[in-house]
Amino acid sequence: MLKEYRSVAEIVGPLMLVENVAGVTYYELAEIELQDGSIRRGRVLEVDRDKALVQIFEGSSGMNVTETKVRFLGRGIELPVSMDILGRVFDGLGRPRDNGPGIIPEKRLDINGLPINPYARDYPSEFIQTGISTIDGLNTLVRGQKLPIFSGSGLPHNRLAAQIARQAKVLGTESKFAIVFAAMGITFEEADFFISDFRKTGAIDRSVLFINLANDPAIERIATPRMALTAAEYLAYDKGMHVLVILTDMTNYAEALREISAARKEVPGRRGYPGYLYTDLATIYERAGRIRGQEGSITQIPILTMPEDDKTHPIPDLTGYITEGQIMLDRSLHRKGIYPPVDVLPSLSRLKDKGIGKDKTREDHADVLNQLYAAYARGKEAKELAAILGEAALTDIDKLFAAFADEFENRFVNQGEYEDRSIETTLNLGWELMAMLPRAELKRIRDEYLDKYLPVKGE
């Protein structure tokens, strides 16, 4: 029988102080009974001797200090899991949002997960095909990697996230691939877009969705990515599946963390975010990876909108330290009508070299990647020079590179929202674009690959 406390001393916003408690632990779940008999849930944020500070999930409106009863449940937040979670939509606390039945659990897992022994980790080395040329060709995603997308307000990161969820596959192992999708602080319209897109395209059958809306409590937003990663760990390590976790939008998550930190009167750090923002983000991002001897894996694509498109803002800045690269979306490309507006020059996948090459993608992949990147960079420089000095200042070869940059954006970067390009299609498209340049300028590609793959002009 759980002990019941009637010693609520104070209620401030979503926080409640309970006195004269015993044996209460940090992050323990609490059940709060109101005077009308209704039940709310909360989580212990702080314990100081016989006092416990509880964050109330549903908010404190209508609560009475003298008549509220509190019971501490002796456990943290848990997610009931079984294979039935595939194809379902849940809220940020793991409750069904799709009017379907509750999950009959095979087990219940603490959402904070268990730390992975670094020695037990296996190195990411298998190519994941997203069907998007700018990612597959130039910033390759590798199984077990964490590769964030840095976006800005109004850019089509949600459409890109849905496209990756529809198209992503580990080549040769399609049957054991699953998507876990967590959306935090999004509007009802955005939630409806994701759910209807997943259902319309059939992606829902291999997916688990956790949706936290903008009007849901901030504490639920803190739990949402952990719910998603707990579901991913079950599918990966218990069921041997390759799991891609997409988290959008990590900025909303960090804002919720700041809100709770302010309510707890903690000393603020940079831009008002708590000083432990780095550590907190790491507890999410570091749950990606492969474990030696395990068939399954977790690959992460966190998506965040940079406030004022500032990549030095604390959220993208700290994310960049923890993760293995970033995909940058660019507003000027978006204005040109290019989708997805990926700016390949500041984008980076630190593990791409491990997932490309013979028997993984194609033998020429590394050379094509380096040459496309170098040619596009030179073309962009030529265009900037022309904007300052006029086109007459460009040499004939500079004009070729400038034309290459335009074609690269229009044909390689730009692709349809429902266009799923294979890695062969992407690499062949790269060769077609490089055929615009003189062979002597393709200095980053070995001669045997030039002989084998470079299209002959006039064919």
Side-chain angles (χ1 to χ4, degrees), residues 13-14 55-59 61 87-100 148-166 179-201 203-204 207-229 231 244-260 262-263 271-273 281 284 300-310 313 315-316 319 327 329-331 334-335 339-341 417-418:
Q55 170 99 26
I56 307 157
F57 291 152
E58 294 89 351
S61 58
R88 297 294 304 276
V89 183
F90 302 95
D91 70 5
L93 285 172
R95 297 170 296 210
R97 197 186 267 279
D98 54 6
N99 299 319
I149 294 174
F150 289 4
S151 183
S153 179
L155 295 180
H157 47 270
N158 286 339
R159 286 161 55 198
L160 182 59
Q163 184 172 1
I164 292 170
R166 281 194 305 272
I179 303 286
V180 176
F181 188 92
M184 294 154 277
I186 63 171
T187 64
F188 179 80
E189 182 185 11
E190 289 171 314
D192 186 58
F193 162 74
F194 284 124
I195 294 167
S196 59
D197 185 84
F198 275 56
R199 286 193 172 132
K200 182 175 65 183
T201 59
I204 191 82
S207 305
V208 188
L209 276 71
F210 292 87
I211 305 286
N212 166 266
L213 297 177
N215 63 341
D216 287 332
I219 191 73
E220 184 179 307
R221 208 158 299 148
I222 301 295
T224 305
R226 293 177 170 85
M227 285 277 170
L229 286 160
L244 176 63
V245 180
I246 299 174
L247 306 170
T248 182
D249 176 342
M250 289 305 294
T251 300
N252 293 336
Y253 170 85
E255 297 288 350
L257 204 65
R258 180 164 68 173
E259 185 181 322
I260 291 167
R271 303 236 188 154
Y273 292 96
L281 289 173
I284 295 173
Q300 258 190 50
I301 299 185
I303 297 171
L304 57 92
T305 49
M306 299 177 290
E308 299 172 357
D309 293 357
D310 177 14
H313 186 276
I315 306 168
T319 295
I327 304 293
L329 300 193
D330 181 66
R331 202 171 292 281
H334 181 56
R335 286 196 199 100
Y339 172 89
E417 197 172 337
Y418 290 87

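Nothing fancy with the numbering, it's 1 onward along the sequence.
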What pairs with [X] under salt bridge (Lys or Arg N to Asp or Glu O under 4.0 Å), at least two apart in sequence or on another chain?
X      : answer
Glu259 : none
Asp98  : Arg88
Arg271 : Asp310
Arg221 : none

Exercise: identify the closest heavy-atom pair between [X] and [Y]:
X      : Y      : result
Pro340 : Leu160 : CB-CD1, 3.9 Å
Leu304 : Pro316 : CD1-CB, 3.8 Å
Gly152 : Asp309 : CA-OD1, 3.5 Å
Val180 : Ala228 : CG1-O, 3.3 Å
Leu93  : Met227 : O-CE, 3.3 Å

- Partners passing ring pair (Phe, Tyr, Trp, His ring centres under 6.0 Å) against Phe150 (at least two apart in sequence or in another chain): none
- Hits for ring pair (Phe, Tyr, Trp, His ring centres under 6.0 Å) against Phe198, two or more places apart or cross-chain, chain-then-number order -> Phe181
To the nearest 0.5 Å, how far apart are [atom1] in [X] and [atom2] in [Y]?
X      : Y      : atom1 : atom2 : value
Leu281 : Ile315 : CG    : CD1   : 8.0 Å
Ile204 : Arg199 : CD1   : CZ    : 5.5 Å
Ile222 : Thr224 : CD1   : OG1   : 8.5 Å
Ser207 : Ile195 : OG    : CD1   : 12.0 Å
Met250 : Met184 : CE    : CE    : 5.0 Å
His334 : Leu329 : NE2   : CG    : 10.0 Å

- Item | Arg159: side-chain contact (heavy atoms from CB on, under 4.5 Å) partners, not counting sequence neighbours | Pro156, Phe193, Tyr339, Glu417
- Item | Contacts of type side-chain contact (heavy atoms from CB on, under 4.5 Å), residue Arg335, not counting sequence neighbours | Arg331, Ser332
- Message: Between Ile284 and Tyr253, does the side chain to side chain contact (heavy atoms under 4.5 Å, CB included) criterion hold? Intermediate values first, please.
- Response: CA-CA 11 Å; Ile284 295 173; Tyr253 170 85; 3.5 Å; yes
- Should Asp91 and Asp216 count as side-chain neighbours, where that means a heavy-atom distance under 4.5 Å? no
- Message: Can you confirm whether Arg97 sits close enough to Leu209 that some side-chain heavy atom of one is under 4.5 Å from a side-chain heavy atom of the other?
- Response: no
[X]: which residues meet the side-chain hydrogen bond (donor to acceptor under 3.5 Å, both in side chains) condition with it, sequence neighbours left out?
X      : result
Thr187 : Glu190
Glu255 : Arg258, Tyr273
Asp249 : Thr251, Thr305
Thr319 : Tyr285

- Would you say the side-chain atoms of Glu308 pair up with the backbone N or O of His313, donor to acceptor, closer than 3.5 Å? no
- Query: Backbone N or O of Gly185 within a donor-acceptor pair of the Asn212 side chain at under 3.5 Å?
  - Reply: yes
